[in-house]
Peer 1: 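Below is a structure I'd like to ask you about.
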Amino acid sequence: MSDFSYDSDSVSPPESTEVDYQFPPPDLHQSTSWNAPSPTPSYPLISPTESLFTLPDLSHVEELAEDAEDGGGYAAESWTNYTAVTTVSRPTSYYPDLAMIAPCPVTSPLFEFHSPAFSEFTDRPNRRALVDHFCNILSHLIVFREESGNPFQQLVLPLTRQSSPVLNAIFALASAHLEYRGVQNEEHSLFFHNQAIQGLGRLIEQSAKSNRNEILATIMLLIYYEVLVQRGRSNLVDGHLKGALTIMCTNPEPSDSTSIFLERAFRFYDVIAALSNGRAPLSAAPTAGCLMPFPPLGAPIASPLSNVDTLLGMATTLWPIIHRLSSIVTLKTDLQAAIWSNASASKIAVLRTELESTTQAIEAALSRWKPQLPPGFVPDREDEEEEEEEINETRHHHSTKIDVMSPTVAERSRLHSIWHNALAYRHSAFVYLYRSVHGYPRSHRAVQEHTHRSLLHCAATVKHEGPMGALLWPLFVAACEAVGENDRGLAEQAFEKVRKRQGMRNIERAWEIVREVWRRADGAESGSGSGEKGAVAGRSKGQEELGMGEMSLGEMGTGGDLWRQVSREMGVSVVFG
């Protein structure tokens with residue numbers, strides 16, 4: 001496999017060019033047709049210079065019309081070609097008009113030619129099948145909103161006209177998705193992956209001449225590929241993210257829809273990878289209120305999905321809080337290093353105060369956050385165990401009648417799924433905060449309460465059969481802490497439906513880790529295994545001095561979470577995106 005590395009010193013800023021990528025995507029199923037000219041009438045054309053003339057005998061017109069209605073299009077065509085002049089009863093001394101002397105051309109169905117679908121991308125049938133799979137299957141699985149078109153087809157697919165690395169990355173991703181489902185292509189996904197890597201390296205070497213969006217699109221598709229393939233414990237996703245952020249920093253203000261969409265995709269994966277790998281995000285946290293829902297091109301302003309982002313759903317305003325939550329690992333690491341190095345008491349006190357104030361601010365922000373619902377949409381009560389205060393408060397704030405487009409039945413089902421997905425993120429963020437940061441035990445009331453609510457929302461998300469592309473992180477975090485048979489049943493049901501819908505390897509790996517976590521946690525509780533209790537009992541004096549819970553703050557990312565220990569022993573690293 002070819003490899004390359006991103007080096008901010010060696011990569012010169014790309015030349016700033018203005019390129020308009022907001023044109024609509026090509027009609028991939030368009031057929032090419034050629035129309036033959038209409039035959040000349042058998043009778044002489046009437047001269048426009050004659051002031052007096054006699055109409056030909058058209059007494060048979062009514063009979064031909066009746067035959068055309070009963071006999072089909074061919075008779076109608078023949079009759080239309082023959083009677084090329086207006087059939088209006090007039091006196092014999094009227095002047096002719098243009099409608100009477102100009103034959104009307106008629107399209108013939110005998111000269112239709114259909115080009116193969118997606119032939120504009122490649123002339124090889126197996127590769128056209130990969131483009132078809134990407135457009136008609138895969139691109140729909142990774143977005144929340146596409147009422148006016150899919151963003152990957154609108155913004156990413158047009159880049160393949162000028163960039164073979166983007167096209168090879170699409171081939172690699174589509175082929176890997178089919179291979180996981182047991183469908184083999186003539187060319188292996190690894191071949192296309194190597195071609196995309198080599199082409200990306202050339203684009204970066206010629207960054208001054210390359211289009212910035214082509215480089216970012218190729219990297220983004222390669223990140224999706226690495227997440228889908230999940231080859232053991234690998235840091236390739238982090239490497240791609242670092243390269244993308246280096247390129248993004250050369251032009252920090254995106255000027256077109258393609259750049260905005262690609263940067264949002266990278267920032268989403270940056271936070272998800274940070275939560276998955278126990279590290280701080282590579283990008284800076286967005287300020288509150290700066291993220292606005294990004295719609296597909298051509299989406300109507302009054303759309304029922306107006307408050308839904310294509311990649312973040314209804315969690316757009318939640319994302320800055322999630323970003324800050326994933327950054328706590330840096331504060332914890334600094335505090336632990338100060339304690340282990342016997343730093344001054346004043347330095348330890350400052351770090352501890354900063355950590356405590358940050359966690360309190362995040363907890364308060366999570367408590368206040370509510371999804372921003374589109375106008376006219378009020379969630380239904382799905383279950384008696386649902387959060388009545390959330391539903392009632394939503395109904396209270398959206399009880400006024402608003403003059404907008406009412407969602408259809410399909411749109412309401414999709415909106416319910418997106419709404420539950422956002423609330424699942426909120427409750428799993430609480431679980432992450434209490435369990436991994438504060439170090440509360442699994443049986444703590446707050447941990448189990450938010451675990452149960454998150455799993456309820458995950459199950460409701462898949463029940464409505466809406467988008468599931470971003471559900472893996474909240475589902476995994478809550479499932480690892482499930483104790484009762486009811487909660488574990490909800491987790492198993494959600495994992496099964498997400499696995500069948502998405503068909504990606506990281507979902508299967510995450511479910512394997514969850515089941516092993518359950519086995520070890522149950523063994524630890526019964527005293528027959530080495531689980532959390534052994535980890536708590538073996539804490540050092542320095543870890544005790546962290547003093548924010550029953551587990552070490554400094555252990556996150558180094559083995560404190562049981563699922564991280566399990567994944568290391570299994571030899572896999574899962575990115576929950």
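What you see is a predicted model; the values in this text were computed from it and never measured. Just so it is clear, the values below take in all heavy atoms, side chains as well, and ignore hydrogens, waters and symmetry mates. Numbers here are sequence positions counted from 1.
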Peer 1: What are the two closest heavy atoms between L351 and A338, and how far apart are they?
Peer 2: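 Closest approach of L351 to A338, heavy atoms only: CD1-CB, 3.8 Å.
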
Peer 1: Does the D487 side chain pair with the main chain of V483, one donor and one acceptor, at a distance under 3.5 Å?
Peer 2: no

Peer 1: May I ask you to say whether R499 pairs ionically with E508, meaning some side-chain N is under 4.0 Å from a carboxylate O?
Peer 2: no

Peer 1: With heavy-atom distances below 4.5 Å as the criterion, would you say the side chains of S417 and T461 are in contact?
Peer 2: yes

Peer 1: Are the side chains of E516 and R519 in contact, using a 4.5 Å heavy-atom criterion?
Peer 2: yes

Peer 1: Using the side chain to side chain donor-acceptor pair (under 3.5 Å) definition, which of the options R181, R128, H177 pairs with H133?
Peer 2: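 Single side chain to side chain donor-acceptor pair (under 3.5 Å) partner of H133 among R181, R128, H177: H177.
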
Peer 1: List in chain and number order the residues that pass salt bridge (Lys or Arg N to Asp or Glu O under 4.0 Å) with R412, two or more places apart in sequence or in another chain; answer none if no residue qualifies.
Peer 2: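 R412 satisfies salt bridge (Lys or Arg N to Asp or Glu O under 4.0 Å) with D380 once adjacent residues are dropped.
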
Peer 1: Determine, stepwise, if the pair E569 / R520 fulfils salt bridge (charged side-chain N to carboxylate O under 4.0 Å, His left out).
Peer 2: CA-CA 13 Å; E569 294 177 2; R520 296 192 186 189; 2.4 Å; yes

Peer 1: Determine, stepwise, if the pair W369 / T317 fulfils side chain to side chain donor-acceptor pair (under 3.5 Å).
Peer 2: CA-CA 8 Å; W369 183 83; T317 54; 2.8 Å; yes

Peer 1: Quick one: does Y432's side chain have a donor or acceptor within less than 3.5 Å of a partner on L325's backbone?
Peer 2: no

Peer 1: Closer than 3.5 angstrom, by distance alone: can the side chain of H420 be matched with the main-chain N or O of H464 as a donor-acceptor pair?
Peer 2: no

Peer 1: Can you confirm whether more than 12 heavy atoms, excluding those of Q184, are under 6.0 Å from its CD atom?
Peer 2: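 Counting neighbours around CD of Q184, more than 12 heavy atoms of other residues, nucleotides or ligands fall under 6.0 Å, so yes.
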
Peer 1: Determine yes or no for a side-chain-to-main-chain donor-acceptor pair under 3.5 angstrom, with T316 supplying the side chain and M292 the backbone.
Peer 2: no

Peer 1: Run the side-chain contact (heavy atoms from CB on, under 4.5 Å) test on L130 and L178 for me, step by step, so that the C-alpha distance in whole Å, both residues' side-chain angles and the decisive distance to 0.1 Å come before the verdict.
Peer 2: CA-CA 9 Å; L130 295 177; L178 287 170; 3.8 Å; yes

Peer 1: Quick check, are the ring centers of Y225 and H193 under 6.0 angstrom apart?
Peer 2: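 For Y225 and H193, the ring centres are under 6.0 Å apart.
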
Peer 1: Checking the side chain of S326 only, and the main-chain atoms of A280 only, is there a donor and an acceptor separated by less than 3.5 Å?
Peer 2: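 No, S326 side chain to A280 backbone: no donor-acceptor pair under 3.5 Å.
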
Peer 1: As an exercise, state the distance from CG of L262 to CG of L311, rounded to the nearest 0.5 Å.
Peer 2: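 Separation between the atoms: 9.5 Å.
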
Peer 1: Is the side chain of S428 donor-acceptor paired with the backbone N or O of P474 at a distance under 3.5 Å, no angle test?
Peer 2: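 Yes, because the side chain of S428 sits within donor-acceptor range (under 3.5 Å) of the backbone of P474.
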
Peer 1: Using the benzene-type ring in the case of Trp, are the ring centres of W563 and F476 under 6.0 Å apart?
Peer 2: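 Judged by ring-centre distance (under 6.0 Å), W563 and F476 do meet the cut-off.
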
Peer 1: Do you know which two heavy atoms are closest between V447 and T451, and how far apart they sit?
Peer 2: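 Smallest heavy-atom distance, with atoms named: O-OG1, 2.7 Å.
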
Peer 1: For the atom pair CG (L475) and OG (S454), what is the distance rounded to the nearest 0.5 Å?
Peer 2: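 Reported value, rounded in 0.5 Å steps: 7.5 Å.
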
Peer 1: Donor-acceptor pair, N185 side chain versus S175 backbone, under 3.5 Å?
Peer 2: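 Not a single qualifying donor-acceptor pair exists.
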
Peer 1: Over all heavy atoms of both residues, which pair between L216 and A244 is shortest? Give the atoms and the distance, please.
Peer 2: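 So the two residues come closest at CD2-O, 3.9 Å.
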
Peer 1: Do E496 and Q493 make a side-chain contact, defined as non-hydrogen atoms from C-beta onward lying under 4.5 Å apart?
Peer 2: no

Peer 1: Pair F192, E187 - check side-chain contact (heavy atoms from CB on, under 4.5 Å), show working.
Peer 2: CA-CA 8 Å; F192 293 118; E187 297 169 289; 3.3 Å; yes

Peer 1: Taking all non-hydrogen atoms of both residues into account, name the closest pair between A491 and L455 and its distance.
Peer 2: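 Residues A491 and L455, closest heavy atoms: CB-CD2, 4.0 Å.
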
Peer 1: Taking the six-membered ring for Trp, is the centroid-to-centroid distance between Y269 and Y224 below 6.0 Å?
Peer 2: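 For Y269 and Y224, the ring centres are under 6.0 Å apart.
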
Peer 1: How far does CG of L456 sit from CZ of R453, to the nearest 0.5 angstrom?
Peer 2: 9.0 Å

Peer 1: Write down the atom of A424, the atom of C458, and the distance for their closest heavy-atom approach.
Peer 2: CB-SG, 3.9 Å

Peer 1: Please report the C-alpha distance between W419 and F377 in whole Å, then the side-chain angles of each, then the deciding distance to 0.1 Å, and finally whether the ring pair (Phe, Tyr, Trp, His ring centres under 6.0 Å) criterion is met.
Peer 2: CA-CA 10 Å; W419 180 71; F377 169 71; 7.2 Å; no

Peer 1: So does L228 get a backbone contact from the side chain of N506, meaning a donor-acceptor N/O pair under 3.5 Å?
Peer 2: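 Such a contact is absent between N506 side chain and L228 backbone.
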
Peer 1: Output the distance between atom NE2 (H438) and atom CZ (F430), rounded to the nearest 0.5 Å.
Peer 2: 10.0 Å

Peer 1: Could you check whether R488 pairs with E492 (Lys NZ or Arg NE/NH1/NH2 to Asp/Glu carboxylate O, under 4.0 Å)?
Peer 2: no

Peer 1: Rounded to the nearest 0.5 Å, what separates atom CG in D238 from atom CD in E226?
Peer 2: 11.5 Å

Peer 1: With the threshold set at 4.0 Å, does a side-chain nitrogen-carboxylate oxygen contact exist between E147 and R145?
Peer 2: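 Here E147 pairs with R145 in a salt bridge, since their nearest N and O are under 4.0 Å apart.
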
Peer 1: Hey, is the main chain of S357 close enough, under 3.5 Å, to the side chain of Q360 for a donor-acceptor pair?
Peer 2: no

Peer 1: Could you go through F171 and F134, starting from their C-alpha distance and side-chain angles, then the distance that decides it, and tell me whether this counts as ring pair (Phe, Tyr, Trp, His ring centres under 6.0 Å)?
Peer 2: CA-CA 8 Å; F171 289 156; F134 176 81; 9.8 Å; no

Peer 1: I would like to know whether I223 and V575 meet side-chain contact (heavy atoms from CB on, under 4.5 Å); could you show each step before the answer?
Peer 2: CA-CA 10 Å; I223 290 176; V575 178; over 6 Å; no

Peer 1: Go through it in stages, so that I can follow the logic: the residues are H323 and S283, the test is side-chain contact (heavy atoms from CB on, under 4.5 Å), and I'd like the CA-CA distance, side-chain angles, deciding distance and then a yes or no.
Peer 2: CA-CA 9 Å; H323 193 289; S283 59; 3.6 Å; yes

Peer 1: Using side-chain heavy atoms (C-beta onward) and a distance below 4.5 Å, is M468 in contact with Q502?
Peer 2: yes

Peer 1: Does F144 offer a backbone N or O that forms a donor-acceptor pair with the side chain of R414 under 3.5 Å?
Peer 2: yes

Peer 1: Side-chain contact test, heavy atoms from C-beta onward, threshold under 4.5 Å: evaluate it for L366 versus L318 and give yes or no.
Peer 2: yes

Peer 1: Does V514 reach the side chain of W511, with side-chain heavy atoms less than 4.5 Å apart?
Peer 2: yes

Peer 1: Are D270 and R279 close enough for a salt bridge, meaning some N to O gap below 4.0 Å?
Peer 2: yes

Peer 1: Between the side chains of E465 and R501, is the shortest nitrogen-to-carboxylate-oxygen separation below 4.0 Å, so that they form an ion pair?
Peer 2: no

Peer 1: Is there a side-chain contact between L472 and V498 (heavy atoms, below 4.5 Å)?
Peer 2: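 Heavy-atom side-chain distance check fails, nothing below 4.5 Å.
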
Peer 1: Is the shortest heavy-atom distance from the side chain of C480 to the side chain of L562 under 4.5 Å?
Peer 2: no

Peer 1: To the nearest 0.5 Å, what is the distance between CZ on R505 and CZ on R509?
Peer 2: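 Spacing of CZ (R505) from CZ (R509) equals 6.0 Å.
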
Peer 1: For a quick test of reading the model, state the closest non-hydrogen atom pair linking T359 to E356 and the distance between them.
Peer 2: OG1-O, 2.8 Å

